[in-house]
Amino acid sequence: MLGHALLWGNGYAEIQRDNAGRALYLWPIHPSRVSPRHDANNVLYYKVWNGVGGWIDLDASNMFHLKGFGEGPVGYNVVEYAAQSIGWAQATELFGATFFGEGMNPSGVIEMEKSLNADGLKILKEELKKFRGAGGEKTFFLDKGMKWTPVSRAPNEAQFIETRQHQIEEICRWFGVPPHKVMHLARATFSNIEHQSIEVVVDSVVPWVKAFEQEANYKLFGQNRNNLL
């Protein structure tokens, strides 16, 4: 349910009760199957898709609803709001894999005083293929006054490392997770790591615990339970 609340904005579970109205089971329901509605009297209820059984209406009293971020009866889909941040992170991952996977880094041009004939150019290309890749030859020789000139930028010059760090912090911010909990220790020190661990509980864990607790008290254990039935 927490995973659904984080990724979809809402976690749902149907409350199965006995004849006395006491909760027996919680049956998780995927958020894609649930649609919160208000009837003509502005009373909240939930339409649930049951596949071949079609749509059924479920009273709010029988739906355990863990709401994620946002105001109103339903939470926001965090993935939709964070799509750009996550997309940047994926693009950065792809760039890094491409940059380091090409083998011959940095790439560049070969300068020479005289042009090569077709056979000489073919031989040079074959030698370059041997040099490229993780299993390539370690030394590359140039002759006839040839000169290798790098033209690409190093990852730090392209702010690759800084971008990676920023995206880690950005995604952590969306989900309320302190960066050091995903092993991003750029700002962690021996003097502040204990404080940061306390912040995990206070700022990240406790709000979700309270959300579970409040919904459970209201619909499962609380004094209002009998009024809902």
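Scanning for side chain to side chain contact (heavy atoms under 4.5 Å, CB included) contacts around L7 gives V79, F175, with sequence neighbours left out.
A side-chain hydrogen bond (donor to acceptor under 3.5 Å, both in side chains) check over residues 36-45, counting only residues at least two apart or in different chains, returns the pairs S35-R37.
Residue F221 is grouped with residue L66 when hydrophobic side chains (ILVMFWY) are merged at heavy-atom distances under 4.5 angstrom, including chains of intermediate members. One hydrophobic cluster, built from ILVMFWY side chains closer than 4.5 Å, cannot hold both Y12 and F64; they sit in different ones. V177 and F212 fall within the same hydrophobic cluster, where Ile, Leu, Val, Met, Phe, Trp and Tyr residues are linked whenever their side-chain heavy atoms come under 4.5 Å apart, directly or through other members.
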Got a list of side-chain donor-acceptor pairs under 3.5 Å for residues 203-211, not counting sequence neighbours?
{"from": "S204", "atom 1": "OG", "to": "G176", "atom 2": "O", "distance (Å)": "2.8"}

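Other residues, nucleotides and ligands contribute more than 12 heavy atoms inside 6.0 Å of the CH2 atom of W55. The number of heavy-atom neighbours closer than 6.0 Å to NZ of K122, taken from other residues, nucleotides and ligands shown, is 12 or below.
Taking both residues in full, the closest heavy atoms of Y46 and A60 are given as CE1-CA, 3.7 Å, listed atom of the first, atom of the second, then distance. Minimum interatomic distance between P31 and N10 (heavy atoms only, all atoms of both residues): CG-O, 3.2 Å.
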>> Could you walk me through whether V34 and H65 satisfy the side-chain contact (heavy atoms from CB on, under 4.5 Å) test, starting with their C-alpha distance in whole Å, then the side-chain angles of each, then the deciding distance to 0.1 Å, before giving a yes or no?
In response: CA-CA 11 Å; V34 181; H65 182 186; over 6 Å; no
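Rounding to the nearest 0.5 Å gives a distance of 10.0 Å between CD of Q16 and CG of N62. Note that the CD atom of E14 and the CE atom of M63 stand 7.0 Å from one another [nearest 0.5 Å]. The distance from atom CE of M1 to atom CD1 of I29, rounded to the nearest 0.5 Å, is 9.0 Å. Going from atom CG of L44 over to atom OG of S61 covers 10.5 Å, rounded to the nearest 0.5 Å. The CD1 atom of I15 lies 11.0 Å from the CG atom of D59; values are rounded to the nearest 0.5 Å.
Annotation: side chain of R33 is in contact with side chain of N50 (closest heavy-atom distance under 4.5 Å).
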